[in-house]
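First comes the structure, then the notes that go with it.
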Amino acid sequence: MGTCRPAAVQRGAFIFCRTTLAVLLWAALLLRAPWLVALCALILAASAILGVRRAPLVALYAATFGRRWPGGTEVLDERGMRFAHTLGTLLVGGTAVLLYAAPRAGLAALFVVAVLKTVGACGFCTALRLYRCLTDESCCAFLKRRA
């Protein structure tokens, strides 16, 4: 369909970003620290706004570890990653609000979000797959027929 806009980032930076967010969410759950969840939401929001090439954790890695160990590059779909970061912002931000408004429900939501982010950190980005499914003519034909 031609909607892909390639963006190259250091492979290590991409891994660092995914892993750091998952670790922060698990730390928030273990420490019962809603502010860590809010921090993750801010990082994801900044990533959605700035794009994957200038995402805060990608830039941090590139300015530190990436200078010493540049490694290979990962070519990503800029629009797909913006969608994934926006969806992540909504999920994590909603979880942060829930933690303050209804702590028990918030902890349950945080567990689910931490599991989803861990799956993403392992390389199975469900939000990116959803984006591809919604924008690719050959995927999810049943969704396209109802529209």
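Since we're looking at a predicted model, the values are computed, not measured.
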Please report, to 0.1 Å, the donor-acceptor pairs under 3.5 Å made by any side chain of residues 92-121, with sequence neighbours excluded.
unit_1: Thr95; atom_1: OG1; unit_2: Leu91; atom_2: O; d: 2.8
unit_1: Thr118; atom_1: OG1; unit_2: Trp26; atom_2: NE1; d: 2.6
unit_1: Thr118; atom_1: OG1; unit_2: Ala114; atom_2: O; d: 2.7

Nearest 0.5 angstrom please: [X] [atom1] to [Y] [atom2], how far?
| X | Y | atom1 | atom2 | result |
| --- | --- | --- | --- | --- |
| Leu24 | Ile43 | CG | CD1 | 6.0 Å |
| Ile15 | Cys122 | CD1 | SG | 11.0 Å |
| Thr89 | Ile49 | OG1 | CD1 | 8.0 Å |

Item to check | Same cluster (ILVMFWY, side-chain, under 4.5 Å), Leu21 and Leu29 | outcome: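 Same hydrophobic cluster.
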
Checklist entry - With hydrophobic residues grouped by side-chain heavy-atom distances under 4.5 Å, do Leu42 and Val37 end up in a single group? => result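 No, it is not one cluster - the side chains of Leu42 and Val37 are not joined through contacts under 4.5 Å.
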
Item to check | Where at least one partner belongs to residues 44-66, residue pairs that pass salt bridge (Lys or Arg N to Asp or Glu O under 4.0 Å), sequence neighbours excluded | outcome: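 Matches after skipping sequence neighbours: Arg53-Glu78.
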
Item to check | Pairs involving residues 6-23, ordered by first then second residue, that meet salt bridge (Lys or Arg N to Asp or Glu O under 4.0 Å) (sequence neighbours left out) | outcome: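 Only Arg11-Glu74 qualify under salt bridge (Lys or Arg N to Asp or Glu O under 4.0 Å).
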
Next on the checklist: Give me the atom names and distance for the closest heavy-atom approach of Val58 to Cys17.
Outcome noted: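 Heavy atoms of Val58 and Cys17 come nearest at CG2-CB, 4.3 Å.
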
Next on the checklist: To check you understand the geometry: which heavy-atom pair defines the closest contact between Pro34 and Arg32, and what is its length?
Outcome noted: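 Shortest heavy-atom separation between Pro34 and Arg32 comes out as CD-O, 3.3 Å.
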
Checklist entry - For Leu50, what are the other residues in its hydrophobic cluster, where any two members join if their side-chain heavy atoms are less than 4.5 angstrom apart? => result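 Members other than Leu50 - counting any ILVMFWY side chain reachable under 4.5 Å - there are none.
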
Next on the checklist: Taking side chain to side chain donor-acceptor pair (under 3.5 Å) as the definition, give me every residue that meets it alongside Thr86, ordered by chain and number, with sequence neighbours left out.
Outcome noted: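 Thr86: no side chain to side chain donor-acceptor pair (under 3.5 Å) contacts found.
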
Next on the checklist: Under the ring-ring contact (aromatic ring centres under 6.0 Å, His included) definition, can you give me all pairs with a residue in residues 33-70, not counting sequence neighbours?
Outcome noted: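 Output for this query lists Phe16-Tyr61, Tyr61-Phe65.
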
